[in-house]
Amino acid sequence: MARGRVLHRWLALWLVFALALTSCGGSDQDGGAAPKPGGRRDDGGTPQRGGELVVARSDAIDGWVPDGAIAPASYQTLPLVMEPLLRFSDDGTDLMPGLASSVEPDASARSYTVKLQDAATFSDGTPVTSADVAFSVEQWKEGALFGAIYSPITAVETPDDKTAVLRLDGPNSFLEIALSWANAAIIPEDFGGMTRDDFYQEPIGAGPFMIESERPGEQIVLTRNPHYYQEGLPYLDKVTFNVVADSNERVLQYESGDVDLIETVPADVVAQLPSDEVLAAEPSAQVVVVTGNAKRGPWNDLEFRRAVSQAVNREDLIESVYAGLGSPPKGVIPPSLPHSVPGECDWSEADPDAAASALEASSYDSDSSLTLLVDAARGVDSLAAEAIVGVLGDIGIQVRVERVDFATLIGRLLSGDFDLAMGYYTAISPSAGDVLSFIATSSWIYTGFDPTEAVEAFEAFSAAESDTERDQAIEDVENFACENLPLVPLLHPDLVFAAKTEVRGLAVSPFGLYHVDRLWLAP
Amino acid sequence: MPSRFHFILRRLLHAVPLVLGITLLVFLLLDITPGDPARTVAGLRASPEAVEIVRERLGLHENVVVRYGRYLGGLVRGDLGRSNRGGTEVTAIIGDRLPVTLWLLAAAALLSVAISVPAATLAARARNRLPDHGVRLMSLVALNMASFWVGYMLLRFVALPSGWFPVGGFGGSTLERLRAIFLPAATLAVGMAPILTRSLRSSMIDVLESDYVSAARSVGVRGGRLVRRHVLRNALIPTSTLLASQLGYLLFGAVVVEFAFDLPGLGDAMVTATSRRDFSVVQGITLVFALTVVGINLLADVVHTVLDPRVTIR
């Protein structure tokens, strides 16, 4: 199998290259919220049925076509209506049954046997069958964006109504993870008798909710699916997702009581919220990084990259800019993911003297001035960019921050029109291979750095037959990153949510997703 | 009457090349703006092949001239295309959001007039005295306040503590909408009222010094009656033209205010679509904005001819 082809099958991650709008000073830590660790609210009590929850989020979904789901909002929302075969566990470190009661690979991982839940039923009352699974797989494979990920499935056998066997073109231990993604939605065979376009205007599925109404880009209202296979779930009668792009406006709506829950609160506004209503997934499966253009100087010089890495005091950065809501990096792979193995580096160490020496030994021309691209929409990263520019200036690297919008940032990264950039990437499922695949296919997050080591590590990870082999693949790539610094990790920022105290059952995974069907409202 | 009809028709015909010019300019600007719409739609994890498929689906693989020609063809058929995100028709998005923006503009204009008429009257009648200085100082201060800051202050210090107004959204019933629109309209009015006040004050001072007002005074017309019947009616003519021209600017203020107040209007949609490189939506909303500005200016001209008999239509 061609290397590139393998990689495209495993693309799996959010990356957002971010910048930040500078404001006066860092976040206010006095009186700031102290998030509860672990991303789970330990609130006790007996779940109550009923009630309506209003959620504010920053972005809309990408529509209802599963193949088009790329935004976090899509990954959070689509499975609520069109549940996949598998779900991530509450703590986000493993998979658990979804529409499938089990997905068992054979010994060589060349096929998966899927057993559907006996009670699995679409919201129109039609039972979910293996024929629906076969039809859904066909749709996944036809997708322009994610089709390649599911293309190893060469055939789907349906020995009975509740069993489907996915035949693969080779050993593949990673596909199981992709069965939990929003892109792997289970839908009725032949779109329930509708055309494809009509179906996706208001799709039905076998998830815990069904669509009541939608104003595209503004609001989605979901109501309980009365046929949901998990008895008693969901607890809520209704959930409304409102798109509120401005983070301050989200907080104001929350304070006013119009909103019960905010998905992802930026660190610079966390202090405005009551501490007992703030919940953080930490450590998160997100890595904030500084990268550079490896196709031209000075990022193509290892000594320069060392100077940048050693100049930044991560702990100071976390305390002063991120209001303490983060942890120093353990590597380029988030430590919260299964098979994440830290390398030999201690990334939390800062050594300005060593940084200055490394800079002296580099080919960097002290008269040249560089730009650091950041996404203007991410205020806290912008502050971090300014802080980094300061410490780099202290050792003699002249950098100015250039704030651009996200689309511009990505365009310039892909075209190689940049010196340095700041951004982040996040896993979307509980696997270190998830992030590794993106690092490899993005040439170490669009630096243009030779991806050979990452590609080989990913191939080893995919073909591994034991956890030990998978751990070794991750350790190898971490050590390579430590020695060669294709990118410089800065921190794992906490993913912060806010929820009223009456919202119970909230557990935020390290990648920022949560199970809405488990939420309930205390009287 | 026929001459007025011909005047309107002629102005509308003149507006056609103007509006087309605006759409062409926006089309070209979007084309050279950094950021690939196909990559934005496909996402960062998409392979180059997948991005190309998306590019083709969006019709971005063709050159800008062909795309603009296709856009014009769609325009003639009333088809403004579909959003990159979710595939919603642009006409549906505009139809959904236009009423919110119209509510906002109307409320802002009304509030501006409601503030500026008494303020200008007070200032003009007390010219160069304390009330006049006060009005002029407040106008100056208000003119220099950024609308997003005013909006945030109103939300933080009026809406939140009082609970009288929603912090965001538009509501369903007329009453809910009036509550939802008040603070955003007030935010816009804070920027617009000073302009009207200054214009109206100046006009009123001119009128107050005119011979016919002196004549009215000499026959015993005084106070509110003098202002209402002789001063304000004449002074309002130039201000009404100014109000119409300012409504065009209000549209651009609405972009900021709708975003700040989470009002689901055209301005809010414009901001979101721009960040997503959702060209069809940006183009469609720009077209609506252009048509609105042209329409408002035309209306202002017509109203001017109605209010001021000295102005004739040719």
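Below, chain A is the first sequence line, B the second, and so on; all start at residue 1. No experiment lies behind these values; they were computed from the predicted model shown.
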Hydrogens and angles aside, do A:W181 and A:S429 bring a side-chain donor and acceptor to less than 3.5 Å of each other?
yes
Heavy-atom contact with chain A under 4.5 Å, split by part of B:A260:
backbone
Pair A:E402 + A:R412, salt bridge at N-O below 4.0 Å:
yes
Which atoms of A:Q272 are under 4.5 Å from chain B, going by heavy atoms: the side chain, the backbone, both sets, or neither?
side chain
Using a heavy-atom cutoff of under 4.5 Å, enumerate the residues of residues 240-250 of chain A that contact chain B, numbered in order, or state 'none'.
A:V243, A:V244, A:A245, A:D246, A:N248, A:E249
Residue among B:T88, B:D36, B:V271 with most heavy-atom pairs under 4.5 Å to chain A:
B:T88
Does A:F191, at its CZ atom, have more than 12 non-hydrogen atoms belonging to other residues, nucleotides or ligands within less than 6.0 Å?
yes
Is it the case that the side chain of A:Y150 and the backbone of A:Q139 share a donor-acceptor pair, with hydrogens and angles ignored and the cut-off at 3.5 Å?
no
Atom pairs and distances, side-chain donor-acceptor, residues 66-74 of chain A, under 3.5 Å, sequence neighbours left out:
unit_1	atom_1	unit_2	atom_2	d
A:D67	OD1	A:L145	N	3.4
A:D67	OD1	A:F146	N	2.8
A:D67	OD2	A:A144	N	3.0
A:D67	OD2	A:L145	N	3.0
A:S74	OG	A:D62	N	2.8
A:S74	OG	A:D62	OD2	2.5

Per-residue contact mode, A:L414 against chain B (heavy atom under 4.5 angstrom)
side chain
Approximate separation, where rounding is to 0.5 Å, of A:F438 CZ and A:Y425 OH
9.5 Å
For residues 264-292 of chain B, the salt bridge (Lys or Arg N to Asp or Glu O under 4.0 Å) pairs (sequence neighbours left out) are A:D59-B:R276, A:D405-B:R277, B:R97-B:D268
Do B:Y68 and B:T23 pair up side chain to side chain, a donor and an acceptor below 3.5 Å, judged on atom types alone?
yes
Point-to-point distance, once rounded to the nearest 0.5 Å, from CD of A:E263 to OG1 of A:T77:
6.5 Å
Side-chain donor or acceptor of B:R179 paired with backbone N/O of B:W164 under 3.5 Å
yes
Chain B heavy atoms under 4.5 Å from A:A60: which part of the residue, side chain, backbone, both or neither?
both
To the nearest 0.5 Å, atom CD of A:E218 lies from atom CZ of B:F170 at 10.5 Å
Heavy-atom check, side chain of A:E202 versus side chain of A:M194, under 4.5 Å:
no
Please output the residues of residues 51-59 of chain B in contact with chain A, using a heavy-atom cutoff of under 4.5 Å, in numerical order.
B:I53, B:V54
Any idea which of A:A407, A:G411, A:G63, A:P216 has the most non-hydrogen atom pairs under 4.5 angstrom with chain B?
A:A407
Residue part contacting chain A, namely of B:T40, when any heavy atom lies under 4.5 Å:
both
Is a donor from one side chain sitting under 3.5 angstrom from an acceptor on the other, for A:S256 and A:D258?
yes
